[in-house]
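The analysis underlying the following values was restricted to heavy atoms, covering all of them including side chains, and did not include hydrogens, waters or symmetry mates.
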Amino acid sequence: FHRPNSARLSLPHAPLPAGIMAQFATREEDIAKLLAAECHLGTRNADYQMLDYIWRRRLDGIHILNVAKTWEKLMLAARIIVAIENPADVIAISARPYSQRAVLKYAQYTGAQSIAGRFTPGTFTN
């Protein structure tokens, strides 16, 4: 794969207090849950933009994702979502059948909006 030279997106943030940083630290329990949910399993196809997140490739061609980077991105997303004052301004979307239930539950428990299932193109962006 060829990796183009592109600028990485970096979000400005204030340093967090030590107590909060401890909450974001990776714990064995969290990694075990990610592995039990099979969050580390990718697909046979890999885009060049995903190469930084792929740990290795199995003999059957399935890419194994780096769980530590997955955890880092989950924590980044959590920090961004928590910073939004009104939960109704957050929208969780999934067109994939295996993640629709998670989107609906997330919206139910947080007060966010959800779009689960197929939707007409442009309904979200327009």
Report task. Could you check Ile115 against Ile91 for side chain to side chain contact (heavy atoms under 4.5 Å, CB included), going step by step and ending with a plain yes or no? Result -> CA-CA 7 Å; Ile115 299 177; Ile91 301 175; 4.3 Å; yes

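- Between the CG atom of Leu34 and the CH2 atom of Trp71 there is a distance of 6.5 Å, given to the nearest 0.5 Å.
- Between the CZ atom of Phe119 and the OG atom of Ser94 there is a distance of 9.5 Å, given to the nearest 0.5 Å.
- In this structure, Val103 is not a member of the same hydrophobic cluster as Ile81, with clusters built from ILVMFWY side-chain heavy atoms closer than 4.5 Å.
- Going from atom CG of Asn66 over to atom NZ of Lys73 covers 11.5 Å, rounded to the nearest 0.5 Å.
- Summarising the geometry of Ala107 relative to Ser114, their closest heavy-atom pair is CB-CB, 3.6 Å, with the distance given to 0.1 Å.
- Hydrophobic clustering keeps Leu65 apart from Ile62 (ILVMFWY residues linked when any side-chain heavy atoms are closer than 4.5 Å, directly or through intermediates).
- Lys33 contributes atom NZ, which lies 13.0 Å from atom CD of Glu28 (distance to the nearest 0.5 angstrom).
- The shortest non-hydrogen separation linking His63 to Arg57 is NE2-CD, 3.7 Å.
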Requested in this report: Please report the C-alpha distance between Arg101 and Lys105 in whole Å, then the side-chain angles of each, then the deciding distance to 0.1 Å, and finally whether the side chain to side chain contact (heavy atoms under 4.5 Å, CB included) criterion is met.
Outcome: CA-CA 6 Å; Arg101 183 172 178 243; Lys105 282 190 150 202; 3.5 Å; yes

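- Under the 4.5 Å side-chain heavy-atom criterion for Ile, Leu, Val, Met, Phe, Trp and Tyr, Leu35 and Met75 are members of the same hydrophobic cluster.
- Residues Ile64 and Trp55 form a side-chain contact, since some pair of their non-hydrogen atoms from C-beta on lies under 4.5 Å apart.
- Here Ser99 contributes atom OG and Leu104 contributes atom CG; the two are 9.5 Å apart, rounded to the nearest 0.5 Å.
- Taking 4.5 Å as the limit, every side-chain heavy atom of His40 sits out of range of all side-chain heavy atoms of Thr70.
- Atom CZ of Arg58 has more than 12 heavy atoms from other residues, nucleotides or ligands within 6.0 Å.
- In this structure, Gln113 contributes its side chain and Ala88 its backbone to a donor-acceptor pair below 3.5 Å.
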